[in-house]
> 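Just dropping this structure here.
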Amino acid sequence: MQPTANFTAANLTRSLLRRSRQGALATLMTGSGDPYCSLVNVASHYDGSPILLISRLALHTKNLLADPRVSLMLDERAEGDPLEGSRIMVGGTAEEADGELRTTLRRRYLNAHPSAESFADFKDFSFFRIRPTNVHLVAGFGRIVDLKPEKILTSLEGADELLEAEQRAVDHMNADHRDALNLYATRLLGAKAADWRCTGCDPDGLDMGADGHDALRLDFPRRIVTPTELRVVLKELAEKARAANQI
């Protein structure tokens, strides 16, 4: 089925990848190959690919260590009939992280799920990154689209300087600019006022979270690849939010 007018499948899919904090993980049972589904918490890599923190004691972890093929369903948790909300099914392979990649996944996951810090370094827990091979979007009648990963993942080309500075930027925003984060959330994204904090940034946008609220994604008006460009675009968005606050 083709999408209807004024509908951008790639943008909606990217938003769901960034905003989702829980999902249904499907793996294949060791031995029998039967399907097995479980609930997992989710974060995202710089490029948007899903991050999992799971225990080797869990059946789903044993399954994917034997066969890394997985499917992850993420949905927007819309009020009312859940089938009226948008959801994506991400098919791919789950790769256990070590070394520098583990450090990156750990930091981004804990920014999104700070309560997990109490057990993240237990010996039986590991960080996994799902490398998407196919994505299926269902966003209502006439809005069912299959997408290739390169259409929905963020390109990191040329963005090394930004990624290296990401945590410093996150810490700075949370320490000195909580007022701006609240304005982004309430005036630009239509969310309720809360203690919004920055949980990550990448060339395409800023991620935010607050206890008891769905995560938010603030898309940048243009791609940015350096800390200087990040400061400029965040200032522009703050000015836009303050102008909206005066209307």
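We number each residue from 1, following the sequence as shown.
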> CZ of Arg69: more than 12 outside heavy atoms within 6.0 angstrom?
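No, because the 6.0 Å sphere around CZ of Arg69 holds 12 heavy atoms or fewer from other groups.
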> Quick one: do Glu96 and Arg56 satisfy salt bridge (charged side-chain N to carboxylate O under 4.0 Å, His left out)? Show the steps, please.
CA-CA 11 Å; Glu96 186 173 5; Arg56 290 176 177 271; 2.6 Å; yes
> Might you point out which heavy atoms bring Cys198 and Met173 nearest each other, and give the distance in Å?
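Result for this residue pair: CB-CB, 4.2 Å.
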> Taking all heavy atoms of Glu166 and all of Gly200, pick out the closest pair and write down the distance.
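Reported closest heavy-atom pair: OE2-CA, 3.3 Å.
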> Do we see a donor-acceptor contact under 3.5 Å between the side chains of His60 and Thr27?
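Per modelled atom types, His60 and Thr27 side chains form no pair under 3.5 Å.
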> Is the closest side-chain heavy-atom distance between Met208 and Leu181 below 4.5 Å?
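Contact flag for Met208/Leu181 side chains = yes.
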> Answer yes or no: is there a donor N or O on one side and an acceptor on the other, between the side chain of Ser15 and the main chain of Asn11, under 3.5 Å?
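Side chain of Ser15 to backbone of Asn11: no pair is present.
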> Using only atom types and a distance under 3.5 Å, with no angle test, would you say the side chain of Thr186 pairs donor to acceptor with the backbone of Asn182?
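Confirmed, Thr186 side chain pairs with Asn182 backbone.
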> For the CG atom of Leu59 and the CD1 atom of Ile54, what is their distance to the nearest 0.5 Å?
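Those atoms lie 11.0 Å apart.
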> For residues 145-152, which side-chain N or O atoms pair as donor and acceptor with protein atoms under 3.5 Å away, sequence neighbours left out?
| from | atom 1 | to | atom 2 | distance (Å) |
| --- | --- | --- | --- | --- |
| Asp146 | OD1 | His136 | ND1 | 2.6 |

> In Å and rounded to the nearest 0.5 Å, what is the CD to CG distance from Glu239 to Leu237?
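It comes to 9.5 Å.
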> State, yes or no, whether a side-chain contact exists between Arg222 and Glu236 at a heavy-atom distance under 4.5 Å.
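A side-chain contact under 4.5 Å exists here.
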> Once rounded to the nearest 0.5 Å, what's the spacing between atom CG of Leu52 and atom CZ of Phe127?
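With rounding to 0.5 Å, CG (Leu52) is 10.5 Å from CZ (Phe127).
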> Show the nearest heavy-atom pair for residues Arg217 and Leu189, with the distance to one decimal.
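The answer is O-CD2, 3.6 Å.
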> Is any side-chain heavy atom of Leu153 closer than 4.5 Å to a side-chain heavy atom of Asp47?
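Leu153 vs Asp47: side chains touch.
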> For Met89 and Val138, which heavy atoms make the closest approach, and how far apart are they?
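Heavy atoms of Met89 and Val138 come nearest at CE-CG2, 3.9 Å.
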> If hydrophobic clusters are built from ILVMFWY residues whose side chains come within less than 4.5 Å, do Val42 and Ile130 share one?
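Linked within one cluster.
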> Between Asp121 and Arg106, is there a side-chain N and carboxylate O pair less than 4.0 Å apart?
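Yes, Asp121 and Arg106 are salt-bridged.
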> Residues two or more places apart in sequence or in another chain: which of them pass side-chain contact (heavy atoms from CB on, under 4.5 Å) with Arg197?
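For Arg197, the residues satisfying side-chain contact (heavy atoms from CB on, under 4.5 Å) (neighbours in sequence not counted) are Pro114, Asn174, Arg178, Thr199, Asp211.
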> Are Arg108 and Thr103 close enough, and set up right, to give a side-chain contact (heavy atoms from CB on, under 4.5 Å), and what steps lead you there?
CA-CA 9 Å; Arg108 287 186 62 86; Thr103 300; over 6 Å; no
> Over 60° means perpendicular and under 30° means parallel, so tell me whether His113 and Tyr109 are parallel, tilted or perpendicular.
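Ring orientation of His113 relative to Tyr109: tilted.
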> Considering only NZ, NE, NH1 and NH2 on the basic side and carboxylate oxygens on the acidic side, decide whether Glu76 and Arg87 come within less than 4.0 Å.
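Salt bridge flag = no for Arg87 with Glu76.
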> For Tyr46 versus Cys201, what's the shortest heavy-atom pair and its separation?
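In terms of heavy atoms, the two residues are closest at CD2-O, 4.1 Å.
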> Give a yes or no on whether the backbone of Asn41 and the side-chain of Gln22 come within a donor-acceptor separation of less than 3.5 Å.
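Such a contact is absent between Gln22 side chain and Asn41 backbone.
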> Can you sort out the partners of Glu229 under salt bridge (charged side-chain N to carboxylate O under 4.0 Å, His left out), two or more places apart, ordered by chain and number?
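With sequence neighbours excluded, Glu229 shows a salt bridge (charged side-chain N to carboxylate O under 4.0 Å, His left out) to no residue whatsoever.
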> Show the numbers, then the answer: is there a side-chain contact (heavy atoms from CB on, under 4.5 Å) between Phe119 and Leu53?
CA-CA 10 Å; Phe119 57 84; Leu53 172 61; 3.8 Å; yes
> Can you name the one residue among Val170, Asn111, Leu216, Asp202 that meets side chain to side chain contact (heavy atoms under 4.5 Å, CB included) with Asp207?
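Of the listed options, the one satisfying the test is Asp202.
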> In Å and rounded to the nearest 0.5 Å, what is the CG to CZ distance from Asp75 to Arg19?
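Taking CG in Asp75 and CZ in Arg19, the distance rounds to 10.0 Å.
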> If you group Ile, Leu, Val, Met, Phe, Trp and Tyr by side-chain heavy-atom gaps below 4.5 Å, do Val90 and Val70 land in one group?
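Linked within one cluster.
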> Between CG of Leu74 and CG of Leu137, what distance do you get to the nearest 0.5 Å?
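Leu74 CG to Leu137 CG: 11.5 Å, rounded to 0.5 Å.
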> Check Thr154 against Pro203 and note the closest heavy-atom contact, atom names and distance.
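Nearest pair, atom of Thr154 first, then Pro203: CG2-CD, 4.0 Å.
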> Closer than 3.5 angstrom, by distance alone: can the side chain of Ser32 be matched with the main-chain N or O of Asp34 as a donor-acceptor pair?
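Yes; judged by distance alone, with no hydrogens or angles, the pair exists.
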> I'd like to know whether Trp196 forms a side-chain contact (heavy atoms from CB on, under 4.5 Å) with Tyr184, so could you lay out the CA-CA distance, the side-chain angles of the two residues, the decisive distance to 0.1 Å, and finally the verdict.
CA-CA 9 Å; Trp196 291 101; Tyr184 296 156; over 6 Å; no
> With a 4.5 Å limit on heavy-atom distance, are the side chains of Leu188 and Leu183 in contact?
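Leu188 does not reach Leu183 side chain to side chain.
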> Between Thr61 (side chain only) and Ser55 (backbone N and O only), is there a donor and an acceptor less than 3.5 Å apart?
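Side chain of Thr61 to backbone of Ser55: a pair is present.
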> Taking atom types as modelled, find out whether Ser49 and Arg129 have a side-chain donor-acceptor pair closer than 3.5 angstrom.
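Yes, Arg129 and Ser49 have a side-chain donor paired with an acceptor closer than 3.5 Å.
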> Is it the case that the side chain of Asn63 and the backbone of Thr30 share a donor-acceptor pair, with hydrogens and angles ignored and the cut-off at 3.5 Å?
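Confirmed, Asn63 side chain pairs with Thr30 backbone.
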> Does the side chain of Leu234 come within less than 4.5 Å of His172's, by heavy atoms?
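In short, these two side chains do not touch, never coming nearer than 4.5 Å.
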> May I ask you to decide whether Glu157 forms a salt bridge with Arg223, counting only side-chain N to carboxylate O separations under 4.0 Å?
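Looking at Arg223 together with Glu157, the answer is no, because their closest N to O distance does not fall below 4.0 Å.
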> Measure the CG-CG distance between Asp204 and Leu218 for me, rounded to the nearest 0.5 Å.
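Between atom CG of Asp204 and atom CG of Leu218 there are 11.5 Å.
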